[in-house]
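Down below is the structure, laid out as structure tokens.
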Amino acid sequence: MTDRLPWDPQLARVGRRLDQVDGELERAICEAVYRSPAQTWRRRGIAVLLGIKHGLRGLLFSWPLYVLGLAAFTLPQAGAQWLALFLLPGVWVSFVILHRGVRDDYCRFLHRILLKPGAARHILFPSD
């Protein structure tokens with residue numbers, strides 16, 4: 001018996017999880033459709049759009065960090081560029097948060113899910 005994941009109303013609009021397909025024939029058909037070029041391109045396109053969405057959110061959240069980095073390069077004193085090195089941990093944390101957000105959304109909405117044609121709209125702009 002397979003473990004059932006909790007029912008997600010947003011996932012119902014996006015597609016169907018392959019782990020929850022009953023019957024061997026239906027599972028084989030869903031696996032074949034999941035590996036089709038159309039589904040592969042759909043998943044890749046949505047993954048790129050998720051990266052853009054989370055990237056813009058991260059940019060809006062941590063824009064002061066980037067402005068301080070640019071300001072360090074415009075200071076006239078010698079060695080002022082070394083100030084930008086102190087901002088690298090903040091940029092790294094921002095990148096890690098971005099990467100985790102994209103990865104979590106990918107695992108929730110795209111990994112092993114047979115996507116419906118209008119899935120990108122429901123993934124990028126959830127209504128619930």
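In what follows, residues are counted from 1 in the order of the sequence shown. What's counted below: heavy atoms across the whole structure, side chains too, no hydrogens, waters or symmetry copies.
Residue-environment remark: CD (Glu24) stays at or below the threshold of 12 foreign heavy atoms within 6.0 Å. Applying the 6.0 Å contact sphere to CZ of Arg100 captures no more than 12 heavy atoms from other residues, nucleotides or ligands.
Under the 4.5 Å side-chain contact rule for hydrophobic residues, Ile52 and Phe61 do not share a cluster. Follow the hydrophobic side-chain contacts under 4.5 Å out from Leu87 and you never reach Val93; the two are in separate clusters. Under a hydrophobic-cluster definition in which Ile, Leu, Val, Met, Phe, Trp and Tyr are linked whenever side-chain heavy atoms come within less than 4.5 Å, directly or via other members, Leu65 and Leu70 are assigned to different clusters. Hydrophobic clustering (ILVMFWY, side-chain heavy atoms < 4.5 Å, transitive): Ile97 and Leu56 are in distinct clusters.
Distance alone, capped at 3.5 Å, places no donor-acceptor pair between the Arg16 side chain and the Ile113 backbone. Not one N or O on the side chain of Ser94 forms a donor-acceptor pair closer than 3.5 Å with the backbone of Gly90. Within the 3.5 Å criterion, the main-chain N or O of Ala71 finds a donor-acceptor partner in the side chain of Thr74.
Counting heavy atoms from C-beta on, the side chains of Ile123 and Leu110 come closer than 4.5 Å. With a 4.5 Å cut-off on side-chain heavy atoms, Leu88 and Trp92 do not count as touching. In this structure, Leu98 and Arg57 have side chains that are not in contact, with every pair of non-hydrogen atoms separated by 4.5 Å or more. Val91 places a side-chain heavy atom less than 4.5 Å from the side chain of Tyr66. Two residues are said to be in side-chain contact when any heavy atoms from C-beta on lie closer than 4.5 Å; Leu114 and Val21 fail this criterion. Counting heavy atoms from C-beta outward, Arg43 and Leu115 have side chains that approach closer than 4.5 Å.
Atoms CH2 and CD1, on Trp41 and Ile46 in that order, are 13.5 Å from each other to the nearest 0.5 Å. The structure places OH of Tyr106 at 10.0 Å from CG of Leu50, a figure rounded to the nearest 0.5 Å. For the atom pair His99 NE2 and Asp104 CG, the distance stands at 10.0 Å (nearest 0.5 Å). Note that the NE2 atom of His111 and the CG atom of Asp19 stand 7.5 Å from one another [nearest 0.5 Å]. Here Arg17 contributes atom CZ and Arg108 contributes atom CZ; the two are 9.5 Å apart, rounded to the nearest 0.5 Å.
When every heavy atom of Arg112 is checked against every heavy atom of Glu31, the shortest pair comes out as NH2-OE2, 2.5 Å. When all heavy atoms are compared, the tightest approach of Gln39 to Val33 is CG-O, 3.1 Å. Here the shortest heavy-atom pairing between Pro126 and Lys53 reads CD-NZ, 4.3 Å.
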